[in-house]
Protein chains: 2
Amino acid sequence: MSEVPTTTAAPPPASVEAFRDRLAQVSGQLPRRLQQCADYLAEHSDRIALSTVAQIAKGAGVPPSAVMRFCQVLGFSGFAELQRLFRSAMPVGLPDYATRLANLKAGPRGAPAALVAEFVDAGRQSLEALALNLSETTLEQAVGRLATARVIHLAGLRRSFPVVAYLAYVFEKLDVAAQLHAGTGGVSARAAMRPGDVLLVVSFAPYSAETLALAQSARDIGLPVVALTDRRDSPLSRLADTVLTVTEVDFGAFRSLSATIALALSLAVATAARRET
Amino acid sequence: MSEVPTTTAAPPPASVEAFRDRLAQVSGQLPRRLQQCADYLAEHSDRIALSTVAQIAKGAGVPPSAVMRFCQVLGFSGFAELQRLFRSAMPVGLPDYATRLANLKAGPRGAPAALVAEFVDAGRQSLEALALNLSETTLEQAVGRLATARVIHLAGLRRSFPVVAYLAYVFEKLDVAAQLHAGTGGVSARAAMRPGDVLLVVSFAPYSAETLALAQSARDIGLPVVALTDRRDSPLSRLADTVLTVTEVDFGAFRSLSATIALALSLAVATAARRET
DNA sequence: ACCAAAATGGAATATTTGTTCCACGCACAG
DNA sequence: CTGTGCGTGGAACAAATATTCCATTTTGGT
């Protein structure tokens with residue numbers, strides 16, 4: 001009955017991170033064999049997902065049963081549960097993605113498959129750049145403006161149009177009032193904007209004069225303007241209150257919009273989430 | 001004794017690449033169930049490393065024994081050998097880029113930055129999956145159809161609309177005759193389609209009835225239909241002559257479209273390039 | 001319409017792998 | 001020196017999984 005040993009009862013780590021923490025925590029106050037397990041797994045945690053108990057045990061220089069005990073000390077029901085944790089945390093692109101990409105690129109010059117590889121690569125780089133260069137404070141500010149808006153007006157032409165079109169769809173699904181200004185109607189769009197609204201404008205070089213004009217209109221009326229653009233010193237920057245920048249790596253003359261859409265989508269979902277609270 | 005069937009003896013693929021080649025090689029001249037296996041594995045080769053026979057079989061919609069036969073047809077002794085191949089090709093360890101993402105994700109629950117991280121991750125995974133599962137022959141076929149078309153008709157609604165909207169923009173820039181059928185005009189769209197044209201339709205689950213109807217119309221008239229969808233056995237597959245599949249990893253209820261746009265863009269550029277020659 | 005060959009699905013079996021259990025040994029306290 | 005308790009290792013057990021086999025269905029040719 002009087003349980004509660006010093007190592008507490010049994011909270012099984014729910015993430016790889018939590019697993020590492022727990023590992024560091026118990027390390028040093030373990031029996032000899034279990035310490036061997038801890039040391040080995042700390043060093044080779046990447047093998048957990050694919051190896052069997054026997055392989056781990058051999059690697060650590062202990063019998064399989066020691067590995068089992070170790071898993072249970074950490075709070076898992078057994079090795080299977082630990083392995084599940086690591087398998088689910090694995091990236092889905094399992095086989096050698098890099099070599100596959102290289103092979104595709106190496107194909108016939110201008111072949112469709114080679115093009116796909118290029119665009120995939122460009123998209124991936126764009127996404128990574130987004131993650132690295134993201135300004136959390138600016139993002140926070142943008143969400144704040146959008147969350148308090150009565151109606152969110154969406155503006156974007158040419159290559160930006162798909163982005164705002166998707167935003168319009170997503171906002172509708174999320175039950176957020178949004179209006180898409182896609183056509184040539186700078187005039188009608190202006191008429192639709194009311195105090196309390198916000199304009200979310202997406203534009204990249206070369207900046208469409210029409211989009212810039214719409215942003216100017218919003219500013220004239222006194223509406224906050226949130227801009228999604230490619231450079232901090234773009235023409236939009238002077239017109240916008242909040243400027244989110246996305247550097248999209250392009251291949252040839254075209255961009256895959258991956259990072260732009262990812263950011264736009266995040267904006268939309270974050271906005272909807274904040275409204276519900 | 002006198003073995004040597006027409007499909008030669010048994011050279012088991014020694015690399016992931018060789019496996020893909022062999023897959024494309026035998027595809028099309030296989031019995032129904034085995035073809036299902038081939039299709040499924042071509043699209044989800046990333047699951048081979050971690051799944052069990054039963055899971056693969058369920059995913060492909062065939063009994064486990066069919067999967068076993070398929071493995072043997074490819075030259076493997078069984079599924080275990082195939083799985084070994086894919087496991088050995090797996091990347092080791094978790095990329096440090098993942099830790100950067102993990103930090104962002106670890107932020108306040110539902111914080112905008114965390115959302116960005118999720119969408120970036122989903123987009124990146126989708127792109128990798130696209131590169132890995134791309135069927136070069138199908139892609140080639142699609143480009144072939146599009147390149148010889150008089151006019152390319154574009155159809156896609158809801159979440160697919162941004163994709164076709166972008167395609168319309170890109171085709172215009174590339175000087176390729178394309179027409180976007182976005183509105184409700186199933187009738188007007190039908191009237192616009194002429195012999196020699198091609199319909200490029202983009203649709204994901206849940207498949208819009210309108211889009212499917214348009215594809216059916218094109219087929220009735222005798223136009224080739226190229227489909228960009230999420231599953232090989234989607235309703236579109238029966239209506240389309242060429243089916244390109246993209247598995248987009250989604251976060252929450254929304255998708256970043258990264259892979260879809262990358263593939264669409266590649267199609268457009270490749271089509272334009274082929275026309276000029 | 002019939003037959004032969006191929007394909008199919010599911011049940012039976014083999015194998016691999018995870019998990020539990022218990023006899024033994026070692027250390028330490030009395 | 002001896003008893004108690006924890007740690008240990010291997011063997012027995014259980015579960016999951018791969019693989020084979022064969023009765024039945026389907027296919028393709030004449």
Side-chain angles (χ1 to χ4, degrees), chain A residues 1-10 12 19 26-41 47-88, chain B residues 1-8 10 12 19 26-41 47-88 233:
Chain A
M1 287 305 131
S2 60
E3 271 294 330
V4 193
T6 56
T7 55
T8 72
F19 170 79
V26 299
S27 199
Q29 47 182 340
L30 287 173
R32 192 170 57 100
R33 294 274 111 130
L34 299 201
Q35 186 62 49
Q36 279 180 259
C37 292
D39 292 344
Y40 179 80
L41 290 184
R47 298 190 192 174
I48 296 178
L50 290 183
S51 303
T52 68
V53 172
Q55 289 169 318
I56 298 276
K58 186 178 169 194
V62 301
S65 52
V67 175
M68 289 304 302
R69 275 198 304 272
F70 178 76
C71 292
Q72 287 161 350
V73 163
L74 284 233
F76 297 100
S77 73
F79 178 73
E81 196 177 333
L82 170 61
Q83 190 171 56
R84 259 201 306 278
L85 175 65
F86 271 78
R87 284 192 172 180
S88 66
Chain B
M1 295 303 136
S2 58
E3 273 297 328
V4 192
T6 55
T7 54
T8 73
F19 169 78
V26 299
S27 198
Q29 49 182 344
L30 248 40
R32 191 169 59 97
R33 292 275 110 127
L34 300 203
Q35 185 64 49
Q36 278 180 258
C37 293
D39 291 345
Y40 180 79
L41 290 184
R47 298 190 191 174
I48 296 177
L50 290 184
S51 302
T52 69
V53 171
Q55 288 170 319
I56 298 277
K58 188 179 169 192
V62 301
S65 51
V67 175
M68 290 304 302
R69 276 198 302 271
F70 178 76
C71 292
Q72 286 161 350
V73 164
L74 282 245
F76 297 99
S77 71
F79 178 73
E81 195 176 334
L82 169 62
Q83 192 171 54
R84 257 200 308 279
L85 175 64
F86 271 77
R87 286 193 171 179
S88 65
D233 61 338

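FYI, side chains are in, hydrogens and waters are out, and symmetry mates aren't considered; it's all heavy atoms of this structure. Here is how names work: the chains are called A, B, and so on, in the same order as the sequence lines, proteins then strands, and each is numbered from 1.
The aromatic rings of Phe19(A) and Phe86(A) lie perpendicular to each other, with more than 60° between the two planes, well past the 30° mark.
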* Asked: Can you check side-chain contact (heavy atoms from CB on, under 4.5 Å) on Val62(A) and Ile56(A), steps first, answer last?
  -> CA-CA 9 Å; Val62(A) 301; Ile56(A) 298 276; over 6 Å; no
* To do: Step by step, work out the side-chain contact (heavy atoms from CB on, under 4.5 Å) result for Phe70(B) and Gln36(B).
  => CA-CA 10 Å; Phe70(B) 178 76; Gln36(B) 278 180 258; over 6 Å; no
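Nucleotides of DNA chain C that come within less than 4.0 Å of any heavy atom of chain B span, from the 5' end to the 3' end, dA7(C) to dG10(C).
Rounding to whole angstrom units, CD of residue Gln72(A) and C1' of dG7(D) are separated by 14 Å. For the pair Arg32(B) CZ and dG28(D) P, the computed distance is 11 Å after rounding to whole Å. The CD atom of Gln36(A) sits 13 Å away from the C1' atom of dG7(D) (whole-angstrom rounding). Rounded to a whole Å, the CD atom of Gln83(B) is 17 Å from the P atom of dA16(D). Atom CD1 in Ile56(B) sits about 16 Å away from atom C1' in dT19(D), given to the nearest Å. In this structure, the CD atom of Gln55(B) is 13 Å from the C1' atom of dA18(D), given to the nearest Å. Put simply, CZ on Phe76(B) is 16 Å from C1' on dA18(D), counting in whole angstrom units. Straight-line distance from the CE atom of Met68(A) to the P atom of dG10(D): 17 Å, rounded to whole Å.
Gln83(A) places no side-chain N or O within donor-acceptor distance of the main-chain N or O of Thr52(A), the cut-off being under 3.5 Å. A donor-acceptor contact shorter than 3.5 Å is absent between the side chain of Glu81(A) and the backbone of Gly75(A).
The listed nucleotides are dG7(D), dT20(D), dT17(D); the one nearest the side chain of Ser65(B) is dT20(D).
Residues Leu82(B) and Leu74(B) form no side-chain contact, since every pair of their non-hydrogen atoms from C-beta on lies 4.5 Å or further apart. The shortest side-chain heavy-atom distance between Phe76(B) and Arg84(B) does not fall under the 4.5 Å cut-off.
When the nearest nucleotides of DNA chain D are assigned to Glu81(B) and Ala66(A) by heavy-atom distance, the more 5′-ward of the two goes with Ala66(A).
Distances shorter than 4.0 Å separate none of the side-chain N or O atoms of Arg69(A) from OP1 or OP2 on dG7(D).
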